[in-house]
Enquirer: 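Have a look at the structure that comes next, please.
Because the structure is a prediction, the values reported are computed rather than measured. Lettering follows sequence order; numbering is per chain, from 1.
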There are 2 protein chains.
Amino acid sequence: MPIVEDVDDADALFKALADPTRRALLDALSERDGQTLFELCARMTTAHGLTSSRQAISQHLDVLETAGLVTRRREGRYTFHDLDTAPLAPLRERWHHPDERTPR
Amino acid sequence: MPIVEDVDDADALFKALADPTRRALLDALSERDGQTLFELCARMTTAHGLTSSRQAISQHLDVLETAGLVTRRREGRYTFHDLDTAPLAPLRERWHHPDERTPR
DNA sequence: ACAATAGGCAAGCAGCCACTTGCCTGTCAA
DNA sequence: TTGACAGGCAAGTGGCTGCTTGCCTATTGT
């Protein structure tokens with residue numbers, strides 16, 4: 001049986017990447033880690049031209065956290081968000097070269 | 001001005017990758033180009049354990065073609081499908097930290 | 001203490017998406 | 001020519017998903 005994909009993780013990962021707002025959040029966090037929810041909200045409206053409510057952003061961050069792309073750390077009344085690109089590693093390997101058929 | 005993303009292409013690309021059946025189709029085509037619709041249908045049921053109808057597969061191939069990941073060439077009564085991984089190139093560069101964090 | 005700040009939780013709703021259903025077109029072999 | 005094969009087109013439907021709405025908890029400053 002060929003390894004199709006690590007279904008649970010991969011599905012959550014790709015679904016997380018399917019939304020433009022979530023990709024913009026990853027962009028914002030790749031520029032600077034440790035941003036709070038309100039910081040990200042402000043950045044979405046200014047730098048990315050998106051008008052998303054706080055709750056919407058929060059739910060998007062939930063999805064990103066489930067996919068393992070974002071980690072949260074609570075300090076006092078602030079929740080800081082950090083980017084974790086580790087889950088993207090297998091994605092870069094997949095479907096690599098069309099002229100390099102994997103012999104098996 | 002930072003390039004946020006090539007919205008049209010990127011959105012179609014990520015949405016195309018969001019479905020497990022479509023990812024399985026890319027897997028199947030990465031093993032061998034030039035498969036027909038019926039070949040891919042058979043391969044989905046056997047190798048990937050998916051029970052998708054011919055029309056469902058065809059619609060998935062439409063999405064993949066729109067995203068530029070699959071090209072079609074008609075010969076007689078057969079339509080052959082080829083994989084094109086070129087649209088995936090910018091994906092591999094994105095969210096790629098030069099300074100790598102968290103070896104975790 | 002009290003108000004403001006930062007964020008969480010959950011229900012409801014509208015649009016989208018994957019899939020089905022039904023029928024049609026074009027190609028090839030006998 | 002006729003039937004089987006390979007595929008296309010389009011409308012309808014159920015479930016998922018992104019977003020809103022409303023209310024709640026916790027922390028901090030004065």
Side-chain angles (χ1 to χ4, degrees), chain A residues 5 7-8 10-26 28-29 32-45 48-67 69-82, chain B residues 5 7-8 10-26 28-29 32-45 48-67 69-82:
Chain A
E5 73 178 30
V7 185
D8 307 327
D11 202 58
L13 174 66
F14 283 104
K15 284 198 190 315
L17 294 177
D19 187 272
T21 302
R22 287 196 285 268
R23 293 195 297 274
L25 284 169
L26 294 181
L29 285 176
R32 181 165 55 87
D33 262 345
Q35 297 187 64
T36 68
L37 176 57
F38 277 52
E39 280 181 289
L40 290 169
C41 285
R43 186 170 276 262
M44 288 299 102
T45 58
H48 297 268
L50 299 176
T51 59
S52 298
S53 70
R54 176 183 62 87
Q55 291 84 349
I57 299 287
S58 178
Q59 287 170 1
H60 281 305
L61 289 169
D62 286 340
V63 177
L64 292 172
E65 189 182 26
T66 300
L69 290 167
V70 164
T71 57
R72 285 180 161 127
R73 50 191 166 88
R74 188 102 192 232
E75 291 183 15
R77 63 172 158 176
Y78 299 102
T79 298
F80 301 105
H81 299 79
D82 298 321
Chain B
E5 82 177 24
V7 186
D8 309 327
D11 202 57
L13 174 67
F14 282 106
K15 284 199 190 318
L17 294 176
D19 187 274
T21 301
R22 286 196 286 267
R23 293 195 297 274
L25 284 169
L26 295 181
L29 286 176
R32 182 166 54 86
D33 263 344
Q35 297 188 63
T36 68
L37 176 57
F38 277 50
E39 279 181 291
L40 289 169
C41 284
R43 191 169 200 89
M44 287 301 101
T45 58
H48 295 86
L50 299 176
T51 60
S52 299
S53 69
R54 175 182 63 87
Q55 292 84 347
I57 300 287
S58 178
Q59 288 170 1
H60 281 305
L61 288 170
D62 286 340
V63 178
L64 292 173
E65 190 182 26
T66 300
L69 290 167
V70 164
T71 58
R72 285 179 162 129
R73 51 190 165 92
R74 188 99 191 232
E75 291 183 15
R77 62 173 159 176
Y78 298 103
T79 298
F80 300 105
H81 300 79
D82 298 321

Enquirer: Assess whether a salt bridge exists between A:D82 and A:R32, defined as any Lys/Arg side-chain N lying under 4.0 Å from an Asp/Glu carboxylate O.
Expert: no
Enquirer: For the pair made of CZ in A:R74 and C1' in D:dT27, what is the distance, rounded to whole Å?
Expert: 8 Å
Enquirer: Give a yes or no answer on whether the side chain of B:Q35 reaches the backbone of B:A28 with a donor-acceptor pair at less than 3.5 Å.
Expert: yes
Enquirer: Rounded to whole angstrom units, what separation is found between the CZ atom of A:F80 and the C1' atom of D:dT27?
Expert: 13 Å
Enquirer: Between N or O atoms, less than 3.5 Å apart, protein on one side and nucleotides 12-16 of chain C on the other: list the pairs.
Expert:
none

Enquirer: Does a side-chain N or O of A:S58 approach OP1 or OP2 of C:dG8 to a distance below 4.0 Å, or not?
Expert: yes
Enquirer: Polar atoms only, N or O, under 3.5 Å: list the protein pairs with nucleotides 17-21 of chain D and their distances.
Expert:
unit_1, atom_1, unit_2, atom_2, d
D:dG18, OP1, A:R22, NH2, 3.1
D:dG18, OP2, A:R22, NH1, 3.3
D:dC19, OP2, A:H60, NE2, 2.2
D:dT20, OP2, A:S53, OG, 2.7
D:dT20, O4, A:Q59, NE2, 2.9

Enquirer: Would you mind reading off the distance between B:E39 atom CD and D:dA6 atom C1', rounded to a whole angstrom?
Expert: 12 Å
Enquirer: Provide, to the nearest angstrom, the distance between the CG atom belonging to A:L37 and the C1' atom belonging to C:dG8.
Expert: 10 Å
Enquirer: To check you understand the geometry: which heavy-atom pair defines the closest contact between A:C41 and A:R54, and what is its length?
Expert: SG-CA, 3.7 Å
Enquirer: How many whole angstroms separate atom OH of B:Y78 from atom P of D:dC5?
Expert: 11 Å
Enquirer: With rounding to the nearest 0.5 Å, note down the distance linking CG in B:L26 to OG1 in B:T21.
Expert: 11.0 Å
Enquirer: Between the side chains of A:D62 and A:R72, is the shortest nitrogen-to-carboxylate-oxygen separation below 4.0 Å, so that they form an ion pair?
Expert: yes
Enquirer: What nucleotide, of C:dG8, D:dG7, D:dG29, holds the atom closest to the side chain of A:R77?
Expert: D:dG29
Enquirer: Just how far, in rounded Å, is P of D:dT27 from CZ of A:F38?
Expert: 16 Å
Enquirer: Using a 4.5 Å cut-off on heavy atoms from C-beta on, say whether the side chain of B:H81 contacts that of B:L40.
Expert: yes
Enquirer: If you measure from CG on B:L61 to CG on B:L29, what distance do you get to the nearest 0.5 Å?
Expert: 7.0 Å
Enquirer: I need the CG-P distance between A:D11 and C:dC17, as an integer number of Å.
Expert: 16 Å
Enquirer: I'd like to know if B:D11 and A:R23 make a salt bridge, using a cut-off of under 4.0 Å between side-chain N and carboxylate O.
Expert: yes
Enquirer: Quick check for you: to the nearest 0.5 Å, what is the distance between A:D19 atom CG and A:K15 atom NZ?
Expert: 12.5 Å
Enquirer: In whole Å, I'd like the distance from the CG atom of B:L17 to the P atom of C:dA18.
Expert: 12 Å
